[in-house]
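These notes are about the structure you will find just below.
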Amino acid sequence: MRILFATSEAAPFAKTGGLADVAGSLPPAIASLGHEVTVVMPRYRQVDVHALKLKRVTTFMVPLGTWKERCDVLKGTMGNNVTVYFINKDVYYDRPELYGTTHGDYSDNAERFIFFSRSVLELCEVLQLKPDIVHCNDWQTGLVPLYLQRLYGSAEMLRKTKTVFTVHNLGYQGLFWHWDMRLTGLEWNVFTPEGIEFWGKMNLLKAGLVSADIITTVSKTYSREIQTPEYGCGLEGVLRERSADLYGIVNGIDYKTYDPLHDHAIPHRYSASRLSGKAGCKKRLLELVNLPDKGDPLIGMVTRLVDQKGLDILTDALPDIMSLGVQLIILGSGEAIYHRLLTDAASRNGNAMRVLLQYDEGLAKNIYSGSDMFLMPSRYEPCGLGQMIALRYGAVPIVRRTGGLSDTVVDYNARAGRGTGFLFNEYSAPALVDCIRHALKVFSNKAKWQRIMKAGMNEDFSWEHSAKEYAKLYQKVMKRDRV
Ligand code: ADP
């Protein structure tokens with residue numbers, strides 16, 4: 001099959017979140033199954049044309065509103081089996097950030113991503129790509145399936161092409177005022193509640209949801225949750241209507257990047273069958289953050305400091321958590337209020353708590369490898385990568401039972417002696433504290449704890465499995481008629 005993967009970010013080129021990790025790992029994993037995979041993304045300032053030796057392959061015009069804009073296409077590679085085309089248009093993408101600064105989103109984001117979405121399909125014509133599948137991701141590419149349905153579907157290059165649209169986080173929808181419709185070049189008859197209108201605004205995520213042949217999201221549980229008012233962010237009705245075409249495929253993690261047996265970012269190497277190095281990692285982590293080595297259980301967190309990640313219940317629960325005799329290290333950045341609350345709590349718990357308000361992948365790995373437990377009390381979690389990395393490094397996850405966390409962490413069952421972590425249901429500070437208390441009780445039994453650690457380390461969350469699921473879905477949709 002020929003797959004064109006359209007994304008607004010991909011590691012290692014440009015990253016703001018989990019989408020970049022997926023877009024940097026999934027295409028090579030699908031290509032390894034023997035398919036022809038091409039990625040298309042904007043050329044941001046972060047993408048270094050010279051270091052990556054990108055070559056200009058063509059220049060073309062993209063219709064936008066009533067006029068046309070010119071762009072270049074640069075060609076690069078991802079791994080050794082995926083071609084990447086970068087849409088090079090400096091006025092849109094040569095900026096300090098991808099979507100906005102701390103002062104807010106860029107005011108022309110509608111124009112930037114309407115242009116990008118349309119350029120994806122124009123590129124197919126210009127380079128004669130003829131993909132079997134265009135796989136789109138999140139609101140930034142939500143218009144691609146709609147364009148294919150309305151404007152490009154009869155073109156020779158795209159006559160048989162089907163679309164897959166993946167929702168990585170329903171919380172970000174690409175909502176813009178209705179007059180931006182004029183930039184799309186689409187008829188006003190798509191601006192209806194059945195189409196891309198959403199309470200008077202244009203909703204680009206909804207464009208993907210109503211027009212893609214197949215919708216996927218990044219875990220089975222999240223695919224069910226988003227059909228309910230609690231998690232649907234107002235789009236639950238649309239998702240319920242498309243439930244027959246909605247699938248959940250859990251993300252993977254890169255097993256080469258995250259491998260405690262070969263990782264040189266951590267001070268000692270270890271595996272499920274040779275665990276001894278992990279104690280050295282804990283010792284080193286405590287030294288790194290200047291906490292005393294008292295033999296207390298050590299809880300780690302690596303996260304964006306935002307509501308979604310459970311920071312409100314965590315900050316409420318902190319006095320109770322710290323009274324349980326644990327040490328806590330939090331690495332992250334995000335909302336100012338949580339920076340302040342966590343810094344205050346750390347200064348009250350000088351011997352037991354550290355907060356590091358930064359983004360640091362090396363330090364993150366030291367936390368995954370040095371911690372006994374890893375905390376993710378998320379309000380909602382489409383998939384979550386942190387808990388999978390923690391499992392791989394033998395930091396036992398303590399997580400809320402939601403989205404991908406439910407699908408990847410197995411709650412410890414004392415009677416059966418089985419499980420890979422600890423889950424709690426209710427989104428509340430007391431439920432979180434109870435769950436930690438339970439984990440600590442089990443932690444005091446070393447043999448039991450090691451069994452849990454090893455069970456987690458032996459799980460397989462590599463991309464290979466998920467890539468096969470996507471390939472199966474592509475095959476299925478290719479046989480169908482278009483939506
Ligand atoms: P989300 O994409 O919603 O932020 P995920 O759990 O899916 O959450 O992915 C977060 C990824 O980013 C993980 O790999 C995590 O280790 C990493 N990460 C988050 N915050 C930091 C940080 N401050 N420093 C280093 N890595 C971080």
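What's counted below: heavy atoms across the whole structure, side chains too, no hydrogens, waters or symmetry copies. When a ligand or atom number is given, it counts from 1 through the structure's own listing order.
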Kindly print each ligand 1 N/O atom paired with any protein N/O atom under 3.5 angstrom away, one pair per line, or none if nothing qualifies.
unit_1, atom_1, unit_2, atom_2, d
ligand 1, 2 (O), G18, N, 3.2
ligand 1, 3 (O), R304, NH2, 2.8
ligand 1, 3 (O), K309, NZ, 2.9
ligand 1, 4 (O), R304, NE, 2.7
ligand 1, 6 (O), L385, N, 2.9
ligand 1, 6 (O), G386, N, 3.2
ligand 1, 7 (O), L385, N, 3.1
ligand 1, 8 (O), K309, NZ, 3.0
ligand 1, 16 (O), Y368, OH, 2.6
ligand 1, 23 (N), Q358, O, 2.8
ligand 1, 24 (N), D360, N, 3.0

message = Does the plane of the ring in F422 sit parallel, tilted or perpendicular to the ring in H438? Use 30° and 60° as the thresholds.
response = perpendicular
query = Which of parallel (below 30°), tilted (30 to 60°) and perpendicular (above 60°) describes H135 and Y470?
reply = tilted
key: Where D180 and A110 come nearest, the two heavy atoms and their spacing   = OD2-CB, 3.4 Å
query = Is the shortest distance from a Lys or Arg side-chain nitrogen in K365 or E361 to a carboxylate oxygen in the other one below 4.0 Å?
reply = no
message = Going by the rule side-chain contact (heavy atoms from CB on, under 4.5 Å), which residues pair with E241 if we only count those two or more places apart in sequence or in a different chain?
response = none
message = Side chains of S333 and H339: any donor to acceptor distance under 3.5 Å?
response = no
